[in-house]
2 protein chains.
Amino acid sequence: MAFSPEGLHRESLSQQVADQVVEFIRRSGLSEGDSLPPTRELARLFGVNTGTLREALRQLEATGGLSLRHGSGVYVGPNLDRLVMANPTSVTVSLETAVVLIRARLAIEPRIAALAAVHRSDQDVRLLREALSVASTPPDPVPHKSSKPNFHRVLARASGNQILAEIIDSLLTVHRVEQHTIRVVYSDRKKDFEQHSAIYEAVRDGDPDLSFSLTEEHLADILTVAEGALSAKDHPAGVMASRE
Amino acid sequence: MAFSPEGLHRESLSQQVADQVVEFIRRSGLSEGDSLPPTRELARLFGVNTGTLREALRQLEATGGLSLRHGSGVYVGPNLDRLVMANPTSVTVSLETAVVLIRARLAIEPRIAALAAVHRSDQDVRLLREALSVASTPPDPVPHKSSKPNFHRVLARASGNQILAEIIDSLLTVHRVEQHTIRVVYSDRKKDFEQHSAIYEAVRDGDPDLSFSLTEEHLADILTVAEGALSAKDHPAGVMASRE
DNA sequence: ATCATCCAGTGATCCGATCACTTTTAGAAT
DNA sequence: ATTCTAAAAGTGATCGGATCACTGGATGAT
């Protein structure tokens, strides 16, 4: 019998082509924003039909590895070398999920802040300071690209660990989707700013323990607000005795 | 001039169809493993060409939201409701990245173990015990589906926080890819088992502090091995002359 | 009852044509 | 010479249909 060691088609042709496209990008030394050859040319290059090639491109586009711009071209996306990401498919997130999300952040972000206090570079301190003004993501109706990164993202990046930064970024990306629907969290913007400032100073001064506890308090406060919104939803408006 | 508030095509048709497919799945109450209508029928349903529909399906398949089986049908995948995931595109990971990965786990997993000690259910304890025998992923040449989840995955699930479980799962998924290339890490399987057992007991007994420290030690040991392999690669075969 | 075969259902790929958007180019107006 | 406008070229997006390849169930012989 034998498993037909050669020539066995485990995966679809379009999947194979997708891998070849990635390899092509790597081999060509292309990086984010660079353009690829036209689709018809790529199809010829890989010896497949334009439709098949197109499916491959869509697969890569779905994960942010590529960007297809109608009438313009195919470009390398931002997520090609990324390891952890938010599910691009996920739509709006329920308030319950938002609470779970914040609990997860409460579990891991303090430690990340402590790491940042130890590993942060001078540039990190500078970026962190700039991020203070951006604060928690301003309520943009349209999620415009390349908006300045928010404080927590920069903080995670300062930890010096790319993976941790990607994790926080993923959580905040999901969170952002959430905020478009429910504007509850982050009610007190002034308090937010003060807490961020305190964390900034602790990280700048290289105090891991203080950075840890301040971040913990900050997220605990946010969690309180979110949980309050949640229970307010479950027991609406009310004095109480409300069922539903 | 105005921004033509209506009818403006921000995203491609295939992208819109992808969203419609997700909505269709949700509205139909389908869950993982359930089958969708045939592609031609779906194309008719959404009023697009089969090629366009196919691109939409590929986008969803790329993130594990769907599964297309040649000759069989289209099925709901495992990642439709997931929030955080490993980049499906990423190929092999360098040893340097593996070290970064383990450092990230060292930063967050102890806290997760502590949470598990507090929140674990009786069923979690049972699953955790079973996972002890599977130990750290056996070196499978072929990543077969539905293999029993490894200890760390089950541990994270016992934390009661879905997001944290997804994060750990993502890290281990990336890691698995890594192990296919480099078989260095997890050298001492017996020691691994003993440390897992100790963590299991601490979680079972509801001791968060002990669970924390044991997990921390366990990962620190793994990190040591990985860093050793890394420096051995940089300074091959050497007696010492170790720097750094 | 068992097994090999056939066949209908369904996804995968191909081909070619046409539409839609973007960018560049050429020309006109100033 | 500069600026604006319009045409044209380049490139992705969608369409329509035909054909191939795989799977799973039905068929039928043993």
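So that the names make sense, note that chain A is the first sequence line, chain B the second, and so on, each numbered from 1.
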| Nearest heavy atoms of B:A18 and B:A56, plus distance in Å | N-CB, 3.6 Å
| said: Tell me whether the rings of B:H152 and B:H218 are parallel (<30°), tilted (30 to 60°) or perpendicular (>60°). | reply: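 Ring orientation, 0 to 90° scale: parallel.
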Between [N] ([atom2]) and [X] ([atom1]): distance, integer Å:
| X | N | atom1 | atom2 | value |
| --- | --- | --- | --- | --- |
| B:L42 | C:dG11 | CG | C1' | 12 Å |
| B:L53 | D:dA13 | CG | C1' | 15 Å |
| A:Q16 | C:dA12 | CD | C1' | 12 Å |
| B:E55 | D:dT14 | CD | C1' | 8 Å |
| B:E11 | C:dC21 | CD | P | 14 Å |
| A:L57 | D:dT14 | CG | C1' | 15 Å |
| A:L36 | D:dG10 | CG | C1' | 16 Å |
| B:N49 | D:dA13 | CG | C1' | 11 Å |

Counting just side-chain N and O atoms, does [X] come under 4.0 Å of either OP1 or OP2 of [N]?
| X | N | answer |
| --- | --- | --- |
| A:T39 | D:dG12 | yes |
| A:S14 | C:dA12 | no |
| B:R54 | C:dC14 | no |

| task | Side chain of B:S12 only, please: which of D:dA13, D:dC15, C:dT10 is the nearest? | result |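 Out of D:dA13, D:dC15, C:dT10, the nucleotide with an atom closest to B:S12's side chain is D:dA13.
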| field | Minimum-distance nucleotide to B:P38 side chain [options: C:dC14, C:dG11, D:dC15] | value | C:dG11
| said: Using the rule given for side chain to side chain donor-acceptor pair (under 3.5 Å), can you reason through A:T52 versus A:N49, listing the C-alpha separation, both sets of side-chain angles and the distance that settles it, and then say yes or no? | reply: CA-CA 5 Å; A:T52 304; A:N49 186 277; 5.2 Å; no
| field | Residue closer to the 5' end of DNA chain D, B:R40 versus B:G51 (nearest nucleotide) | value | B:G51
| task | Under 4.0 Å from any atom of DNA chain C, heavy atoms only: list the residues of residues 60-80 of chain A that qualify, in numerical order. | result |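 By residue number: A:H70, A:G71, A:S72.
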| field | Trace of the side chain to side chain donor-acceptor pair (under 3.5 Å) decision for A:T39 with A:R54 | value | CA-CA 7 Å; A:T39 56; A:R54 179 155 268 281; 5.4 Å; no
| task | Starting from the C-alpha separation in whole Å, work towards a yes-or-no answer on side chain to side chain donor-acceptor pair (under 3.5 Å) for A:T173 and A:S170. | result | CA-CA 5 Å; A:T173 298; A:S170 302; over 6 Å; no
| message | Closer than 3.5 angstrom, by distance alone: can the side chain of B:E166 be matched with the main-chain N or O of B:V84 as a donor-acceptor pair? | response |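 Pair found, side chain donor or acceptor close to backbone of B:V84.
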| query | If only atom types and distance count, is the side chain of B:S159 paired as donor or acceptor with the main-chain N or O of B:N161 below 3.5 Å? | reply | yes
